[in-house]
Structure formats: C-alpha cells, structure tokens
Number of protein chains: 2
Amino acid sequence: MLNLKGIAEELGLSVSTVSRAINNTGRISEETRKKVLEAAKRYNYIPNDIARSLRSKSGNSVGIIASDMINSFYANVIKGAQSVLRENGFTLFVCNSDEDTQLEQEALETLLSKQICGLILASVGEDSESIRQLIKLGTPVVLIDNIPDDLEGFDSVSIDNINAAIKLTDQLIEHGYQKIGMISGPMSQSTGHDRYLGFKIAMGKAGLPMREDWVVKGDFKKPSGRQAMRRLLSLDAPPEAIVVANNYMAYGAIGVLKEKGLAVPGDMAVVAFDAIDDTGLISPKITSMNQDPLEIGIQAATILLDKINNGQSKKIYRNLILKPSLYDGESW
Amino acid sequence: MLNLKGIAEELGLSVSTVSRAINNTGRISEETRKKVLEAAKRYNYIPNDIARSLRSKSGNSVGIIASDMINSFYANVIKGAQSVLRENGFTLFVCNSDEDTQLEQEALETLLSKQICGLILASVGEDSESIRQLIKLGTPVVLIDNIPDDLEGFDSVSIDNINAAIKLTDQLIEHGYQKIGMISGPMSQSTGHDRYLGFKIAMGKAGLPMREDWVVKGDFKKPSGRQAMRRLLSLDAPPEAIVVANNYMAYGAIGVLKEKGLAVPGDMAVVAFDAIDDTGLISPKITSMNQDPLEIGIQAATILLDKINNGQSKKIYRNLILKPSLYDGESW
DNA sequence: TTGAAAGCGCTAACAT
DNA sequence: ATGTTAGCGCTTTCAA
C-alpha cells in the first residue's frame, strides 16, 4: 500500500503533481494525469483522509449523539442522516448516550477530538453548558427530539410536542374516556415536559380531572414503563386510559397489562408517542403520534451540511417544526 | 480554542513539554505538570485526535459494516461492539451496506481512507476479493454473520448455522409437521446456504420429502418474505409449516398470513432465525433460533482489540462458534 | 505544466 | 526536566 510519495517516486514525479492529478485540481497535462490515475489504481491507492483533513483544516465527518440506537426511532434518524451525508461525502460518527448526561459529555469530547465539523444532537436533560461551548467553538449543531427551553440560537428539527400531545389525548377523550392518566418522561427534557403539558391542556380543555396519582414519571426506558403501569394498577381507582410519552415505556406498560390478562383497550386504553411498528406484528396495534424519524435525520443532516458549506448561513438559525402523523391503531 | 502550541506560548513552555504533561508521559516536574493541566482545562483544550494518530501512525478507530442497522439484530451487534471499544478508547465507524455489494465496497474504501485499524464485517455475498485485499493491507478483520466458505485465514464470530437449522426444523418435525417448506436466504451467503443445508439434512434425516416448490428464496428483507409467502399460498398444495432464514422475512411472511386471516400456527406454522422481540408485544410469539447479537458484537470487538494490540496474535486466527438459543414461542 | 517547500497539530527521538 | 528538531501524509502557495 503506497502513499502519495510512493507513487510519486514510482513515477518519477513530484508529490504535488501526483496530488493534483488525483484530486483533479490545478493545471496538469492530460498525459501525466492518465499516468498517475492508472498507477493509483494499480497500487490500490487510497488517500489518507486523516492527513488530508489535517492539512486542509476541513474535516468531512459529523457526529450524532442519541440515547440509544437500539431504539428503532433513533436508528431511523441515524439512517436518514447517514444517507444524506454519504451522498455528500461525509461520514457519520454514531455515539450512544444511553440517556446519561455523563456519557453524553464523553461522547461530545470524543467527537470534538475527532474534529467533527458538525453535530446532530438528541441531548439528555436541560444542561446547556456543553452545547453552549460547542457553539462558541463554531461547530454547527442541530438539535433533535429534545430541545431545551433555554437554548435560543440553535438549529433544530422537532415537532410541536404540546399540540401533538393534545391531539393524542383528544383521541382518548373523543372515544369517551374520562379517567385518563399518563406515563410521562423526565420533565427536564422538552419531549417529556411538553408532552405532559399538552396532556394537561387537553384534559383542562375537556373539563376532565387531572389526578396526581394518575400521572407517573418514567425515564423513557422500557422497565420504567413496566414499573409505572404496575403503580397505576395498584391504585384503588386506576385510570381507564393512558397516554404514554414514548414507545419503549408503552411497550413495557402494555406488556404488564397483557401479562396480567388485562385487555387493551378493554381494560385500559393506551396511546403513545413514536410507537411505529417495523415488524407489523405488534398486537394490539398501538395508536400513536409519530414523528417521521427518517425525515428528521434527513432534515437535520441537510441543515447541517448547509451550515458547513455556507459560511454565511452559520448565523441564521432554523427551527424546523415537522408534522407528526397520527396512526390510528386498535389500542384505544 | 487553543492547540498545544497555543498553550505552550501562553505558558512560555515548549510544545513538547506541554504534550508530555497532557499525555502524562516522560519525565516532567510536578509543578509544570499542574500548571499545564490547569491551563488546558481553562482553555477547554481538546487534543486533536486526527493529528495525533497521523503522527503516531496508530489510529484508534475501527469500522463495522453491516447490512442494515435498522435491523435490531445488527443494532445490537453494533451496540455490543461499541461498548467494548469505547472502554478501550476506540471509536466505531458504522456503515450500512444495505445488502448491496457495491455499497459494501464503497463503505470499505471510506473506512480505509479513515485509517481504521480494524474491521468488523458482516459481508454481503461470497466475493472475497475486497476482503483478501484488506488482509494484505494488514488490517485485522473479524467476520460475523456471513462467513464465506472460501475464506480461510480470517477471524470470525458466528454460530453453526447448519446444526442450528437442523434443530429449528426438528422443532417442527417433533410437533408432527410433515409438509414443511422454507423461505431461505441467498445461497451466496453462508447464513443463507448453511441454513438451507441444515433444513435439508433435517428433512432427510426424518425421511420427509423435500419439495422444490416449497422452498422459496428471499433476500433477507421483509418484502421478499411477503412475496415468498404469497407464492407458497398460491400453490395447489402449500406446506403446513415453514422455516424462515431470518427475522425480517418472517415478519413479512407472517404479516401476509395475518392479512389473509390465516392462523399461525393453525393454518401454517412458522419458525425463524433471529426473531428476537425487543418490544415483547409481537404476536404470535415467534419460535426462533437466536444468535445473541450483543455477545457477537462484544466477542468480535474483543478479538479485534487483541489483534490490534498484540502484534503476535495477528497471525493466529480464531473462529469463535457461539451457541444460539432456541426461543420456544407459539408460532408452531 | 511541474517541482520545491512550508506547514496542518501532534509525538518522539535527540540534545541540552 | 525541558527544549529543539524532524516528520506523519497530505495540500497549497510560490517559483521555475
């Protein structure tokens, strides 16, 4: 495996000439260009991207930090972003934060040390310190999923979670449910906070009672959904329907119901966020308000690329609000 | 954002002294070490990993190429690998090949240009050219999932697919099924080929007839599973049970059955490979022979790290055969 | 059209 | 204990 210098020596040319031939830059005779390209192929030359970006001070990689790529929601976000990025010659570093602030911070530093030129971030919590730091460094960031309240001056791709939660709750209300509870996410995240807020608004609008013990806080992971459902079922008067703030908690909650032989929605109706079913075999089909994760990834990557390529657009912040779609399942 | 030189100037020291302080290498006075570390923190210094690995000729990233990380099987493999790698200071480049040879090749070149020092590869097809090339370059490779027959001299983590398929088929046979078909994968991949072989062996052993039209070849993706099932159902005498070579094709196949109002396993029994259900809500629960994807990722990464760190072990090839486990579901 | 030379940020001999 | 120097592989002025 040769490098530029190797090829240059082999051909009796200078490194710069070979570089120009390979990058098709600057003036060069057709003859030598041919010769170089042929040699490059013969020797299976692969440019050292590390050296290239060190020298030219312009990397071609971006990072993404999400809580868990096992979650098909994030997996799809990543896939969407990756497709756009690859088409544009960028590579994507994927990091998991596992809903952990510490890991998120570590991932951030790793990515920065890798000289990423952009970041897609589904942040945990509201701590904006690390993010502010990024912005100062001039690294473009696009936030997705969780958009901390106190963060103005960022780009983001998200949905109107408040309204989405209102509509989702309305589904239950329209079907005659009155005793409605919620398994919410952490209030420190906009997805948790706003969806809870929407739920509250919808309930108030309909004149329905909000009962403290009908709202159980989870951490967006499956076990917390199970735990929350057990808590609800242990109440003297459990709700007859619940709104769940994300897919995994809903899987946990419904799992508990099924195990106890309770019917969904007969004994308890369940609606959720982002419970898209890739397999098509989940039963009952969960009525859910869905963000389009692929689209989120695509849009986030597109904004990022624009900021990277367009120096001017760096100071223009875009807050893209996508429309979630309601999947009308059988769980209510 | 300062670099080493910046900090050196700021402190009136030489670059090398600062470097030594930060890397805690070589002799240095406690006093200056303190001073440097403090300054590094003050200026939010983050080492440029690109420059570092260019200089020291030793990268700290490895790549993984899998067909589709939306598939929770691969997602888990990636997660397992990532956990081991991160603990050891390595980062992971994730590439999708989408079961496409062309994309796999592209991903390979991208990764090589990124100077990865190791690769975990779930290859598509039997074309070993690109892989042989890698080996010559001295880049350690661990193959997973699909182990091309003609590739000796590689490390790999896999299962005994032939035996696994025999056992899976035996499940059906033991439950009295005689008219058994298969939705197989591409024969060019060991997972496709060996699972088909195992099926054939089990059938022969039991003295059951192998009918040509009861074996439909798919491409491991969901639509091909749907198509295959439609084909089977269109036969004059469809099989009464089928073995499906992977999870996604099984989802497609069962989906078709459910849509037609056919019962599983009443009208057709279905068993499959790797149909692990993260949600716990898939119905019917699919009887399946499961590799432990997390473990595969962990083992693959461990082998890779050993090869990277241990020059001597480079020429010792390990072919780890993990035990798959049978999940006893309700689909037969 | 081509070559020589500088230098990206860092590490590691070698020198002091 | 610290500084000086060379150079990783590449791009990019500047000269020729």
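The sequence lines fix the lettering, A, B, ..., with proteins before strands; numbering per chain opens at 1.
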Query raised in the report: If you look at every strand shown and take non-hydrogen atoms under 4.0 Å, does Gly12(B) touch a base, only sugar-phosphate, or nothing?
Result: sugar-phosphate
Query raised in the report: Got a donor-acceptor pair under 3.5 Å from the side chain of Thr32(A) to the base of dT1(C)?
Result: no
**Report entry** Interatomic distance, Leu112(B) CG vs dG9(D) C1' [rounded to whole Å]
**Finding:** 16 Å
Query raised in the report: Any side-chain N or O of Arg55(B) less than 4.0 Å from the OP1 or OP2 oxygen of dG9(C)?
Result: no
Report summary line: Which of dG9(D), dT11(D), dT2(D) is nearest the side chain of Asn48(A)? It is dG9(D)
Query raised in the report: Should the pair Glu30(A)-Arg33(A) be classified as a salt bridge under the 4.0 Å nitrogen-to-oxygen rule?
Result: yes
Report task. Using only heavy-atom distances, determine whether the side chains of Ser14(B) and Ser16(B) contain a donor-acceptor pair under 3.5 Å. Result -> yes
**Report entry** Closest listed nucleotide, where the reference is the side chain of Thr17(B) and the choices are dT4(D), dT2(D), dA6(D)
**Finding:** dT2(D)
Report task. Mind calculating the distance between CD (Glu9(A)) and C1' (dT2(C)) to the nearest angstrom? Result -> 17 Å
Requested in this report: Would you kindly give the CD1-to-C1' distance between Ile46(A) and dG9(D), to the nearest whole Å?
Outcome: 15 Å
Query raised in the report: Hey, does Leu13(A) reach any base, or is it just sugar-phosphate, or nothing, if we go heavy atoms under 4.0 Å?
Result: sugar-phosphate
Query raised in the report: Do Tyr317(A) and Phe154(A) have their ring centres less than 6.0 Å from each other?
Result: no
Report task. Would you mind classifying the nucleic acid contact of Ile28(A) as base, sugar-phosphate or nothing, using non-hydrogen atoms under 4.0 angstrom? Result -> sugar-phosphate
Query raised in the report: In terms of side-chain heavy atoms of Ser29(B), which of dT2(D), dC8(D), dT2(C) is nearest?
Result: dT2(D)
Query raised in the report: Would you say the side-chain atoms of Ser123(A) and Asn146(A) include a donor-acceptor pair closer than 3.5 Å?
Result: no
Query - Euclidean distance, atom CG of residue Asn60(A) to atom P of dC10(D) [Å, nearest integer] - result: 14 Å
Query raised in the report: Between dG9(C), dC10(D), dT11(C), which one does the side chain of Tyr45(A) approach most closely?
Result: dC10(D)
Query raised in the report: Think Lys5(A) has a side-chain N or O under 4.0 angstrom from the OP1 or OP2 of dG7(D)?
Result: no
Query raised in the report: Taking NZ from Lys35(A) and C1' from dT2(C), how many angstroms apart are they, rounded to a whole number?
Result: 12 Å
**Report entry** Any Lys57(A) side-chain N or O less than 4.0 Å from OP1/OP2 of dT12(D)
**Finding:** no
Query - Separation of dT11(C) P from Ile7(B) CD1 (nearest whole Å) - result: 12 Å
Query raised in the report: With a 3.5 Å cut-off and just heavy-atom distances, do the side chain of Arg20(B) and the base of dG3(D) make a donor-acceptor pair?
Result: yes
Requested in this report: Mind calculating the distance between CG (Leu4(B)) and C1' (dG9(C)) to the nearest angstrom?
Outcome: 7 Å
Query raised in the report: Any Lys/Arg nitrogen of Glu38(A) or Arg42(A) sitting under 4.0 Å from an Asp/Glu carboxylate oxygen of the other?
Result: yes
Query raised in the report: Which comes earlier along DNA chain C counting from the 5' end, the contact point of Ser16(B) or that of Leu54(B), where each point is its nearest nucleotide?
Result: Leu54(B)
Query raised in the report: Are any of the side-chain nitrogens in Lys79(A) or Asp68(B) under 4.0 Å away from the carboxylate oxygens of its partner?
Result: yes
Requested in this report: Could you check how far CG of Asn24(B) sits from C1' of dT2(D), rounded to whole Å?
Outcome: 16 Å
Report summary line: Regarding the side chain of Arg27(A), the nearest nucleotide among dT4(D), dC10(C), dT1(C) is dT1(C)
